[in-house]
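Have a look at the structure below before the remarks.
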Amino acid sequence: MHELNEQAIIRTQKKAQLEAMGINPYPAFVHPINAKAATILAHYKEADKANYSHVVLAGRIMSRRIIGAASFVELQDASGRIQLYVQRDTISPGEDKSHYNTFFKKLLDIGDIIEVQGFVFTTQVGAIAVHVTHLRLLTKTLTPLPVVKEVTTQEGTTVHDAFTDPEQRYRQRYVDLIVNPEVRKVFEQRAKLIHTMKASLHRQGYLEVETPILQPIYGGASARPFTTHHHALDIRLYLRISNELYLKRLIIGGYEGVYEFAKDFRNEGMSRFHNPEFTQVELYVAYKDYLWMMDYVEELVEEVALALHGTTKVPFGSHLINFKRPWKRFTMFEAIHHFTGYDVSDMDEAALRTVAHQFGIHIADNLAKGKIIDEIFGEKCEPYLIQPTIITDYPVEMSPLAKRHRDNPALTERFEVICAGKEICNAFSELNDPIDQQQRLEEQRTLGERGDEEAMVVDHDFLKALRYGMPPTVGIGIGIDRLTMIMTNSNSIQDVLFFPQMRPEHP
RNA sequence: GAUCUCGUAGCUCAGCUGGUAGAGCAUCUCCCUUUUAAGGAGAGGGUCCUGGGUUCGAGUCCCAGCGGGAUCACCA
């Protein structure tokens, strides 16, 4: 603990003073709370005063205005803020005025958590407030909160002294949550988004499952893993980069629809779109193909937008994104042709390198044909796709787990949804031919030997499972963090994660 | 990993061409029984991120480091 500043020393003394007065600064018992700040403000009318004659609230003191023998306090609970009117002669009715003069005025501070009982009334300036009859301390705070003030005028709300330093906001998220109510709102929206998706998946009759995070072989995606060690077995384990191969094993086992909201871990760069651990929902449905999945993901995401915003139109930065079905659909080659004028569908590796070079795209020597196409798409198409767009039919080289396209074996039955210039999900008709799968993974091994650090590794146990037969299946992974960013108009992934990864403060 | 940029009171920030550190809010003392950035009078509070250097003198200029942010690269 660093040295205490003046304000913290004073608060520590106040705690001791409370104890000396026989007041427990951290009591256990709380009276039954029967009201919330926002509910009172939304529903209170002078006419039904009687229903508000005995309210009990608890929350944090956010500001105090002491006007001699009466005071106004702003109390914040999970729902919002309400004013308290604290009158000396009400809370200290007898001769002894110390409950007001000493306890309330001297020993309470901004940030302290209190419980109040009282009745609701309307002040002379027309504001709804709780006239406090009883006031108790529930928790004394020793560190002062940043004091953020809001003033609401006809032009709108101005915030003074806002707590805005991103470093402090992320490192001390609890403070951020206390003083920046709109931050709490983002995480409530995130929870609602997940809940809406789970409700839909449940209605479809799919099974929510859990699969290993510690995996002996990392698979199902292309990325560098985090590595760890299990002492008892003396084996190397990896934190999963994906759960795809485990969910497919469950489809082989006979479930016809499984999903998992999964934390995945990728040991790669960090940016406003990347955190080392992130959340995806992966869903696998037997006896369906990628065309069916396109329809379902449109329905699912549209439902999320409606649940969060009451409309399919969602503001994001300077854009208004409309999730109304159906979305635009392009094949990858169509998209490249549309944005660059080049038809790359029949080009060989050398020709593709020439095209990439013309656009000033740097292509590493070890990249194969599929990756070059992906680079061109990522550079010349993806950033321009703002409205949700389904991109289909990716080259087979870059999709080692996807089934070959029914009309063209050089392509796969794969699609991604691009929105706000970023991929938000990835889906394909799953490859279920064990021999083809084995060959494709072996090609990945060759790429790895060429120096591609993200090439997939061969999972022999998964290949063994496939030989028992996986029905025709479609799978999808939806990036929950990125979808939340769009749905909450957040510019950085750090704003939709409670505790984003940070460098340790004291190395 | 590269480039740019920031780090001053509990919070938000000012501090010019180098000259002993400033404001508002918060804190402390006093006044005030319907205020709302309440008001009035007064007071205290600083390792100017850290370490070097230049200088008679560094918050300010230079170098290195630590931490943050933005952009780029890799990726979802």
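Only a predicted model underlies this, so the values are computations on that prediction, with no experimental measurement involved. Lettering of chains follows the sequences in order, A, B, ..., and the numbering in each one begins at 1.
Straight-line distance from the CD1 atom of A:Ile241 to the P atom of B:rC74: 18 Å, rounded to whole Å. Rounded to whole Å, the distance from CZ on A:Arg272 to P on B:rA70 is 8 Å. Here B:rG10 presents its C1' atom at 14 Å from CG of A:Leu142, a figure rounded to the nearest Å. For the pair A:Leu108 CG and B:rA26 P, the computed distance is 16 Å after rounding to whole Å. Atom pair A:Arg171:CZ and B:rG68:P shows a separation of 5 Å (rounding to whole Å applied). Here B:rC74 presents its P atom at 12 Å from CD of A:Glu382, a figure rounded to the nearest Å. Atoms CZ (A:Phe163) and C1' (B:rA26) sit 15 Å apart, rounded to a whole Å. Per the geometry, CD belonging to A:Glu167 stands 13 Å off P belonging to B:rC49, to the nearest Å.
Note on A:Arg224: nothing from the nucleic acid sits closer than 4.0 angstrom, heavy atoms only. Within 4.0 Å (heavy atoms only), A:Ala223 reaches no atom of the nucleic acid at all. Using a 4.0 Å heavy-atom cutoff across all strands shown, A:Asn267 reaches no nucleic acid atom at all. Looking at heavy-atom distances under 4.0 Å, A:Gly479 makes no contact with the nucleic acid at all. Within 4.0 Å (heavy atoms only), A:Met270 reaches at least one base atom of the nucleic acid. Among the protein residues, A:Glu277 comes within range of no part of the nucleic acid, since none of its heavy atoms lies under 4.0 Å from any strand.
With a 4.5 Å cut-off on side-chain heavy atoms, A:Leu483 and A:Ile478 count as touching. Here the side chains of A:Phe330 and A:Ile390 are not in contact, with every heavy-atom distance at 4.5 Å or above. In this structure, A:Asp109 and A:Arg11 have side chains that are in contact, with non-hydrogen atoms separated by less than 4.5 Å.
When the P atom is compared between B:rU60 and B:rC6, the two are found 13 Å apart, to the nearest whole Å. When the C1' atom is compared between B:rU8 and B:rA23, the two are found 13 Å apart, to the nearest whole Å. With both ends at atom C1', the span from B:rG24 to B:rA37 equals 10 Å, rounded to whole Å. Separating the P atom of B:rG40 from that of B:rG46 is a span of 26 Å, rounded to the nearest Å. Separating the P atom of B:rG52 from that of B:rC16 is a span of 25 Å, rounded to the nearest Å. For the C1' atoms, the distance from B:rA64 to B:rU27 is 38 Å, rounded to whole Å. Rounded to whole Å, the separation between the P atoms of B:rG69 and B:rU12 comes to 15 Å. Of the C1' atoms belonging to B:rU55 and B:rG42, the separation is 41 Å, rounded to the nearest Å.
By the 6.0 Å and 45° rule, A:Arg64 stacks over the aromatic ring of A:Phe104. For the pair A:Lys49 and A:Phe121, the cation-pi test (distance below 6.0 Å, angle within 45°) is failed. Annotation: cation-pi geometry satisfied between A:Arg414 and A:Tyr394 (NZ/CZ under 6.0 angstrom from ring centroid, within 45° of ring axis).
Exactly one residue among A:Arg272, A:Lys263, A:Arg190, A:Lys422 makes a salt bridge (charged side-chain N to carboxylate O under 4.0 Å, His left out) with A:Asp481. That residue is A:Arg190. The one candidate from A:Asp112, A:Thr102, A:Leu137 that meets the side chain to side chain contact (heavy atoms under 4.5 Å, CB included) condition with A:Leu107 is A:Thr102.
Residues A:Lys14 and A:Asp165 both approach RNA chain B. Their nearest nucleotides, taken by heavy-atom distance, put A:Asp165 toward the 5′ side. Judged by closest nucleotide on RNA chain B, A:Pro146 is the one of A:Glu375 and A:Pro146 placed further toward the 5' end.
OP1 or OP2 of B:rG68 lies within a sub-4.0 Å distance of a side-chain N or O belonging to A:Arg503. Between A:Gln13 and B:rC28 there is no side-chain polar atom (N or O) within less than 4.0 angstrom of OP1 or OP2.
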Verdict with reasoning, A:Glu208 to A:Lys198, per salt bridge (Lys or Arg N to Asp or Glu O under 4.0 Å): CA-CA 9 Å; A:Glu208 182 167 17; A:Lys198 283 193 177 179; 3.1 Å; yes
Could you walk me through whether A:Glu244 and A:Tyr246 satisfy the side chain to side chain donor-acceptor pair (under 3.5 Å) test, starting with their C-alpha distance in whole Å, then the side-chain angles of each, then the deciding distance to 0.1 Å, before giving a yes or no? CA-CA 6 Å; A:Glu244 168 155 355; A:Tyr246 285 93; over 6 Å; no
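Pairing for B:rU47 is absent, with no Watson-Crick or G-U wobble pair whose two atom distances lie under 3.5 Å. For B:rG69, the paired nucleotide is B:rC4, the pair qualifying as Watson-Crick or G-U wobble because both relevant distances are below 3.5 Å. With a cut-off of 3.5 Å on both pairing distances, the Watson-Crick or G-U wobble partner of B:rG22 is B:rC13.
Ring geometry for A:His131 versus A:Tyr85: interplanar angle over 60°, hence perpendicular rather than tilted (30 to 60°). Using a 30° and 60° split on the angle between ring planes, A:Phe103 and A:His99 fall in the parallel class, below 30°.
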Restricting both atoms to N or O, compile the protein contacts to nucleotides 7-9 of chain B shorter than 3.5 Å, with distance only.
none

Which letter, B, S or -, goes with each nucleotide of nucleotides 29-44 of chain B from 5' to 3', with contact meaning a protein heavy atom under 4.0 Å? SS-BBBBBBB-----B
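Of the candidates B:rC11, B:rU27, B:rG68, B:rU27 carries the atom nearest the A:Ile10 side chain, counting heavy atoms from C-beta on.
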